[in-house]
Participant: 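The structure's right below; bear with me while I get my questions together.
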2 protein chains.
Amino acid sequence: MTESTKISKKVIERLSEYRTALDEQSAGEQRNIFSHELARLCGVTAAQVRRDLMSIGFSGSSAKGYDINELKQTVSDFLGFGEERRVVLVGIGHLGRALLDFFVNRHPKLVVCAGFDVNEMRINRVIHGVRCYAVSEMERVVAENRAQVGIITVPESAAQETAERLVEAGVTGVLNFAPVQLRVPGHVFVENLNISTVLEKVAYFAGLNADRERVTK
Amino acid sequence: MTESTKISKKVIERLSEYRTALDEQSAGEQRNIFSHELARLCGVTAAQVRRDLMSIGFSGSSAKGYDINELKQTVSDFLGFGEERRVVLVGIGHLGRALLDFFVNRHPKLVVCAGFDVNEMRINRVIHGVRCYAVSEMERVVAENRAQVGIITVPESAAQETAERLVEAGVTGVLNFAPVQLRVPGHVFVENLNISTVLEKVAYFAGLNADRERVTK
DNA sequence: TTAACGCTGTGAATTTTTTCACAGAAGTTT
DNA sequence: AAACTTCTGTGAAAAAATTCACAGCGTTAA
Ligand SMILES: NC(=O)c1ccc[n+]([C@@H]2O[C@H](COP(=O)([O-])OP(=O)(O)OC[C@H]3O[C@@H](n4cnc5c(N)ncnc54)[C@H](O)[C@@H]3O)[C@@H](O)[C@H]2O)c1
Ligand SMILES: NC(=O)c1ccc[n+]([C@@H]2O[C@H](COP(=O)([O-])OP(=O)(O)OC[C@H]3O[C@@H](n4cnc5c(N)ncnc54)[C@H](O)[C@@H]3O)[C@@H](O)[C@H]2O)c1
């Protein structure tokens, strides 16, 4: 094991955002960036940026700030983008297809290498550039591709069994869009992304704000 | 103002999850639920459930736990689902259509009442049951519907202007899927949901886990 | 050469979030 | 009716995340 101190989910998320922001900037001619500039791009504080970069041992100069290319490289390496990471997607429905369309050829290091579905209509076709298979082939295809990440966009009722199959096939990280709590072995990382929950949260605060406006006026 | 103490985003998110979990349970005949049961359904601790419910002033009985119906009602009311909340969606592309399909008639109190796009092909049509308009009609339609929430699924380059239009039209909460930091007035709540970031996070931890497995074995 | 500036890196303080741990309630058993 | 059991509600402790605040450095200006 190479790692010294464990780094939290929150920090990883922000590092990913820093990298994305820098990528978008990179068309520009700017070679360096200050913590407060990066902070503004990502909607966090300058101190937070410095802390996060400190936590991965990256440092800049007080006069110039951070070297953009070096920083991108360091963060990419840290996130494990030194080599391609393979991702598979299960459930090629509305959301699954949107994600395929979005990720294919978009990300340099995360490549969606296969899709799976139970629907005959989807099987053995290439959708948005990704070959789709029957779920019965999952074990083989995941292994052949050495895929570590699985995206679950199947109906809620099929999510648990899908997770189990993915784990069985060798996946160690799952991004789950179905609104269920998956039960997986301890060595598997699961992130549940429940879009309804997020929307309900937005609605709640939208309501508070609307009320406040009404009162204030 | 009615509110006593402010409740954090995290708590709101979990409350939403509790409600969802209970809804799914509700087919069952169980009338009461213990904190540890609800906790398990939602992947949190029992203490957390009790704390969260305490924070909205809901209490159960030590013998029976919480009354499911009462709890659903209380949480729903707290989240502002006493009345219908109107939502509009801008950018009827791949992701936008998936979301329309998903939310329409799915949520009892969050109703997507209109969609907007610049593409002629989408305008003045009904997609997944939702009427779609030209963005030039946003002000009128949002006002007529008293929509408080806007979902942004336009390309990154159009996200900021879309946000401004939405806010102008009266929206006080925005769920933004474009990977940019929106600048909005202080009375508007913005939640950025960057799916790439989430996937990168999953990939990172999947990598760690895969490494660990390899070492352990 | 000296002074001034604006930044980074980072202990320390603060705030936020989570967990602990237990008194007291309500039911059950003996 | 006493002894158990198992839960909730909640102070208090602990842990995690964020912010403060400033020494020290490289750069520029005079
Ligand atoms: N569409 C959205 O915007 C959205 C938003 C939030 C959450 N979700 C969640 O994402 C999931 C998918 O949503 P959707 O709208 O794309 O649904 P969908 O019905 O359009 O697609 C589901 C797909 O999964 C396939 N499928 C069913 N069982 C399967 C199995 N056992 N193995 C493999 N594939 C299987 C179906 O054939 C179908 O193609 C659901 O759990 C939903 O709750 C969707
Ligand atoms: N598809 C996904 O799974 C996915 C995942 C993560 C993030 N996103 C983000 O969501 C956004 C949309 O993604 P998509 O895949 O649906 O893209 P898309 O190109 O399929 O859809 C974009 C839609 O927005 C419309 N549009 C463009 N400019 C507009 C404007 N000014 N006003 C109103 N409508 C406008 C287009 O006509 C099109 O219908 C992008 O910002 C993308 O980065 C998408």
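Note that the structure is predicted; figures quoted are calculated from it, not measured. Below, chain A is the first sequence line, B the second, and so on; all start at residue 1.
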Participant: Starting at CD of E13(A) and ending at C1' of dA17(D), how long is that distance when rounded to a whole Å?
Facilitator: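 It works out to 13 Å between those atoms.
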
Participant: Which residues pass the ring pair (Phe, Tyr, Trp, His ring centres under 6.0 Å) test with Y18(B), not counting sequence neighbours?
Facilitator: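 For Y18(B), no residue satisfies ring pair (Phe, Tyr, Trp, His ring centres under 6.0 Å) once neighbours in sequence are set aside.
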
Participant: With a 4.0 Å cutoff (strictly under), does any side-chain N or O of S59(B) reach OP1 or OP2 of dT8(D)?
Facilitator: no

Participant: Side chain of S35(B) only, heavy atoms from C-beta on: which candidate in dT8(D), dG9(C), dT18(D) is closest?
Facilitator: dT8(D)

Participant: Using a 4.0 Å heavy-atom cut-off to protein, can you give one letter per nucleotide of nucleotides 25-30 of chain C, 5' to 3': B if the base is in contact, S if only the sugar-phosphate is, - if neither?
Facilitator: BSS---

Participant: List in numerical order all residues of residues 43-55 of chain A for which some heavy atom is under 4.0 Å away from an atom belonging to DNA chain C.
Facilitator: R50(A), R51(A), M54(A)

Participant: Output all residues satisfying salt bridge (Lys or Arg N to Asp or Glu O under 4.0 Å) with R50(B), sequence neighbours left out; order by chain, then residue number.
Facilitator: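 Expected list: none.
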
Participant: Return the nearest nucleotide to the side chain of Y66(B); candidates are dT17(C), dA17(D), dT8(D).
Facilitator: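 Closest nucleotide to the Y66(B) side chain: dT8(D).
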
Participant: Can you name the ring pair (Phe, Tyr, Trp, His ring centres under 6.0 Å) partners of H36(A), sequence neighbours left out?
Facilitator: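 Expected list: F34(A).
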
Participant: Over how many whole Å does the gap from L38(B) atom CG to dG9(D) atom P extend?
Facilitator: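 To the nearest whole Å, that distance equals 13 Å.
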
Participant: Sorted by first residue and then second, give each salt bridge (Lys or Arg N to Asp or Glu O under 4.0 Å) pair with at least one member in residues 179-203 of chain B; sequence neighbours left out.
Facilitator: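 Those involving residues 179-203 of chain B are E13(A)-K201(B), R19(A)-E200(B), E191(A)-K201(B), K201(A)-E191(B), K9(B)-E191(B).
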
Participant: If you look only at pairs with a residue in residues 161-175 of chain A, which of them pass as a side-chain hydrogen bond (donor to acceptor under 3.5 Å, both in side chains), with sequence neighbours excluded?
Facilitator: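 Residue pairs passing side-chain hydrogen bond (donor to acceptor under 3.5 Å, both in side chains), neighbours aside: Q160(A)-E164(A).
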
Participant: For R14(B), enumerate each residue passing the salt bridge (Lys or Arg N to Asp or Glu O under 4.0 Å) test, keeping only those at least two apart in sequence or located in another chain.
Facilitator: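 R14(B): salt bridge (Lys or Arg N to Asp or Glu O under 4.0 Å) contacts with D52(B).
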
Participant: Does any non-hydrogen side-chain atom of I152(B) lie less than 4.5 Å from one of L166(B)?
Facilitator: yes

Participant: Residues of residues 179-198 of chain A with any non-hydrogen atom less than 4.0 angstrom from an atom of DNA chain C: list those, numerically ordered, please.
Facilitator: none

Participant: For F103(B), which residues count as a ring pair (Phe, Tyr, Trp, His ring centres under 6.0 Å) partner, sequence neighbours excluded?
Facilitator: none

Participant: In terms of ring plane angle, is the pair F189(B) and F205(A) parallel, tilted or perpendicular, where the classes change at 30° and 60°?
Facilitator: parallel

Participant: Just to verify, what does F102(A) make a ring pair (Phe, Tyr, Trp, His ring centres under 6.0 Å) with, not counting sequence neighbours?
Facilitator: none

Participant: Please list all pairs meeting salt bridge (Lys or Arg N to Asp or Glu O under 4.0 Å) that have one or both residues in residues 67-77 of chain B, counting only residues at least two apart or in different chains.
Facilitator: D23(B)-K72(B)

